[in-house]
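Read through the structure below, which is laid out as structure tokens, and then see the notes.
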Amino acid sequence: MRLFHFTSATYGLNAIRDQQYKLSTYDNLNDPFELFAPDLADAKVRAVFQKGKDLCAKQMALLCCSKSWSNTLLWSHYAEKHTGVALELDVADECITHVKYQKTRTPMSRQDMDENMRREDGLGVGAAMFGIKGIDWAYEDEARISHNIRHLNRPQNGLYFSPFNNVISLRGVVLGPLCKLSPDDLQENLPAGTRLSVRKSRIAFRSFKVVSDLRFKPRQLVGAA
């Protein structure tokens with residue numbers, strides 16, 4: 001599936017040069033309701049979910065993407081106010097969690113929690129935690145890929161990275177409407193033999209979307225030997 005990861009111009013160039021992508025952990029995401037989709041009014045239920053979130057933060061890292069790059073809020077929030085880029089990725093379908101959006105939080109009593117934790121199908125409390133966000137986040141149209149931290153290299157300056165491969169591959173870059181990078185900048189950072197498409201975006205004239213800049217001819221770059 002084709003997905004888009006929004007980032008700054010600096011991290012975008014780093015991803016191209018190093019052929020790796022930066023991951024997030026559950027303790028540094030920007031939604032305080034992450035993994036807290038159920039109703040947590042009961043203190044015991046709340047404590048269990050907090051413990052679960054703390055454990056997930058130590059064990060899992062995420063690549064958060066969108067299924068399109070046309071929403072202006074994505075550029076504003078995740079690509080340094082339209083000055084960054086969207087990395088265009090091909091991701092194996094079986095690795096993707098499609099985020100669902102809810103208007104209300106799922107009821108969860110102590111009995112519900114206990115019964116869920118004893119389920120044999122593996123769809124217990126975890127199913128009530130992962131991949132569910134409030135409806136206000138629906139504009140992101142998010143798809144995310146989870147990584148087990150044990151399978152990653154030691155963090156670099158506290159950040160986790162993972163190399164592009166046949167499961168998550170870098171196909172192209174969409175330059176933000178206010179991005180100052182040029183194709184030559186990308187070319188200079190492209191490893192030998194690596195291919196990359198590049199296109200430029202702009203804000204639309206007749207809608208509140210980000211669209212392709214037709215004045216910019218899309219290019220296929222190949223890293224020089």
>> Show every salt bridge (Lys or Arg N to Asp or Glu O under 4.0 Å) that has at least one partner inside residues 187-196, sequence neighbours left out.
In response: none
> Which atoms form the tightest heavy-atom contact between L40 and R46, and what is the distance?
Replying inline: O-NH1, 2.7 Å
> Is there any side chain to side chain donor-acceptor pair (under 3.5 Å) pair reaching into residues 8-17, and which pairs are they, with sequence neighbours excluded?
Replying inline: N14-R17
>> Test of understanding: with side-chain contact (heavy atoms from CB on, under 4.5 Å), list the residues that count as partners of N166, not counting sequence neighbours.
In response: none
>> Please list all pairs meeting ring-ring contact (aromatic ring centres under 6.0 Å, His included) that have one or both residues in residues 153-182, counting only residues at least two apart or in different chains.
In response: Y21-F164
> To the nearest 0.5 Å, what is the distance between SG (C64) and CD (E140)?
Replying inline: 8.0 Å
>> To the nearest 0.5 Å, what is the distance between CD on Q20 and CG on N165?
In response: 12.0 Å
>> Let me check something: do Y26 and L159 share a hydrophobic cluster, defined by ILVMFWY side-chain heavy atoms less than 4.5 Å apart, either directly or through other members?
In response: no
> Taking only residues at least two apart or on different chains, which pairs with a member in residues 188-225 satisfy ring-ring contact (aromatic ring centres under 6.0 Å, His included)?
Replying inline: none
> Which salt bridge (Lys or Arg N to Asp or Glu O under 4.0 Å) pairs, counting each pair once, include a residue from residues 153-176, with sequence neighbours left out?
Replying inline: D90-R171
>> Heavy-atom count check: over 12 atoms from other residues, nucleotides or ligands less than 6.0 Å from L29 CG?
In response: yes
> L152 versus H147: any side-chain heavy-atom pair under 4.5 Å?
Replying inline: yes
> Just by distance, with hydrogens left out, do K22 and H5 show a side-chain donor and acceptor under 3.5 Å apart?
Replying inline: no
> What about I168 and M60, same hydrophobic cluster or not, with Ile/Leu/Val/Met/Phe/Trp/Tyr joined at side-chain heavy-atom distances under 4.5 Å?
Replying inline: no
> Between D42 and K44, is the closest basic N to carboxylate O distance under 4.0 Å?
Replying inline: no
> What are the two closest heavy atoms between L63 and L23, and how far apart are they?
Replying inline: N-CD2, 3.6 Å
> Between N30 and P32, which heavy-atom pair has the shortest distance, and what is it?
Replying inline: O-CD, 3.6 Å
> How far apart are the closest heavy atoms of A143 and H98, and which atoms are they?
Replying inline: CB-ND1, 4.4 Å
>> Just to verify, what does D18 make a salt bridge (charged side-chain N to carboxylate O under 4.0 Å, His left out) with, not counting sequence neighbours?
In response: none
>> Connecting only ILVMFWY residues whose side-chain heavy atoms lie within less than 4.5 Å of each other, what is the rest of V210's hydrophobic cluster?
In response: F4, F6, W69, L73, L74, W75, Y78, V99, Y101, I135, W137, Y139, V174
> What pair of heavy atoms forms the shortest contact from V167 to C95, and how long is it?
Replying inline: CG1-SG, 3.3 Å
Donor-acceptor contacts, no H, no angles, side chain residues 217-225, under 3.5 Å, sequence neighbours left out:
none

>> Show the nearest heavy-atom pair for residues S212 and R202, with the distance to one decimal.
In response: O-NE, 3.9 Å
>> Can you see whether D27 engages T25 through a side-chain donor-acceptor pair at a distance of less than 3.5 angstrom?
In response: yes
> In chain order, what residues pass the salt bridge (charged side-chain N to carboxylate O under 4.0 Å, His left out) check against D185, with sequence neighbours excluded?
Replying inline: none
>> Let me check something: do L178 and I203 share a hydrophobic cluster, defined by ILVMFWY side-chain heavy atoms less than 4.5 Å apart, either directly or through other members?
In response: no
>> Just to verify, what does N148 make a side chain to side chain donor-acceptor pair (under 3.5 Å) with, not counting sequence neighbours?
In response: R150
> Between R2 and E88, is the closest basic N to carboxylate O distance under 4.0 Å?
Replying inline: yes
>> Applying salt bridge (charged side-chain N to carboxylate O under 4.0 Å, His left out), can you list everything that pairs with E142, at least two apart in sequence or on another chain?
In response: K133, R144
>> Once rounded to the nearest 0.5 Å, what's the spacing between atom CD1 of I145 and atom CG of L3?
In response: 5.5 Å
